[in-house]
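Note on naming: letters A, B, ... go to the chains in the order of the sequence lines (proteins, then strands), and numbering restarts at 1 for each one.
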Amino acid sequence: MSTETHTPTEDGEPMSEAELEARIAELEEKIAGLETELGDDRKKMTIVATKGSLDMAYPPLILASTAAAFGWEVIVFHTFWGLDILHEEKSKKLKLSALGNPNMPMPNALAALPGMDSMATRMMQKRIDDNGTATIEELIDVSLESGVELQACQMTVELMEYDEDDFYEGVTTGVGAATALQHMAESDVQLLI
Amino acid sequence: MSSKPTATETLDVKGQSCPMPIVKTKQAIDDLEAGDVLEVVATDSGSMSDIRGWADGTDGVELLEQVEEDELYIHYVEKTA
């Protein structure tokens, strides 16, 4: 057998048979490790939910519950106002802002008046009801039922002075940025909403 | 009119909109046996694209047929595994 087919070592010398065997064993081990890593071929998605207005509460939950229906592993990390989505009481009273919202059919000077946010919220809520759109509570329920992990960022839970008991049953607490990053690094899809 | 597959179960998601038709379809499929066919009756026009996308992207299910009649969107999904 010609030595030309042997992989040269760094110094350019051809590898001995023993060295080659060792190298093969090393690579086989590496492949086995990679195969184990790839063994779980489920897609994974991590969403960071930072907003707590009525309109911004929907996208994370719609995507999360749909991804779970695809069989994906899904984590939604809720932080800052995003915590209100997990807050059992507050989640039922999320509001829409009329001010600074260019899609609202009113000038900002009017939108800044007292009661305008409530009016905008009522309009949106009516559309949600008329359209058969699920409520936030329903989406939370189906998400948890289908295995979505809803996480409440510990630092902001304390910052907002929320109590763990304020959240829906099944919400994961006691997690921080490191946990979120770890999930993001392992995910096929990462979204900040 | 194409011939409709014979359904084992029917899921009624009339009046419900995205993402509920998909989420409920997935839950109903989970309760079926391999070889069973689920008929999903929806009023959400988006379900035509969504159910197809879901079935394509999900192992163990096959979309057999989609029928649009009288403002209803009817999907036939077989649980293959």
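With chain B as partner, the option from Ala69(A), Ser143(A), Ser146(A) having the largest number of non-hydrogen pairs under 4.5 angstrom is Ala69(A). Your options are Leu139(A), Ile62(A), Leu61(A), and the one with the most heavy-atom pairs under 4.5 Å with chain B is Ile62(A).
For Glu145(A), the part sitting under 4.5 Å from any heavy atom of chain B is the side chain, from C-beta outward, and nothing else.
Grouping the Ile, Leu, Val, Met, Phe, Trp and Tyr side chains by contacts below 4.5 angstrom, directly or via other members, places Ile74(B) apart from Leu11(B). Under the 4.5 Å side-chain heavy-atom criterion for Ile, Leu, Val, Met, Phe, Trp and Tyr, Val148(A) and Val48(A) are members of distinct hydrophobic clusters.
Put simply, the side chain of Arg42(A) gets close to the backbone of Gly71(A): a donor and an acceptor are under 3.5 Å apart.
No close placement of the His183(A) and Phe77(A) rings is indicated, their centers lying 6.0 Å or farther apart.
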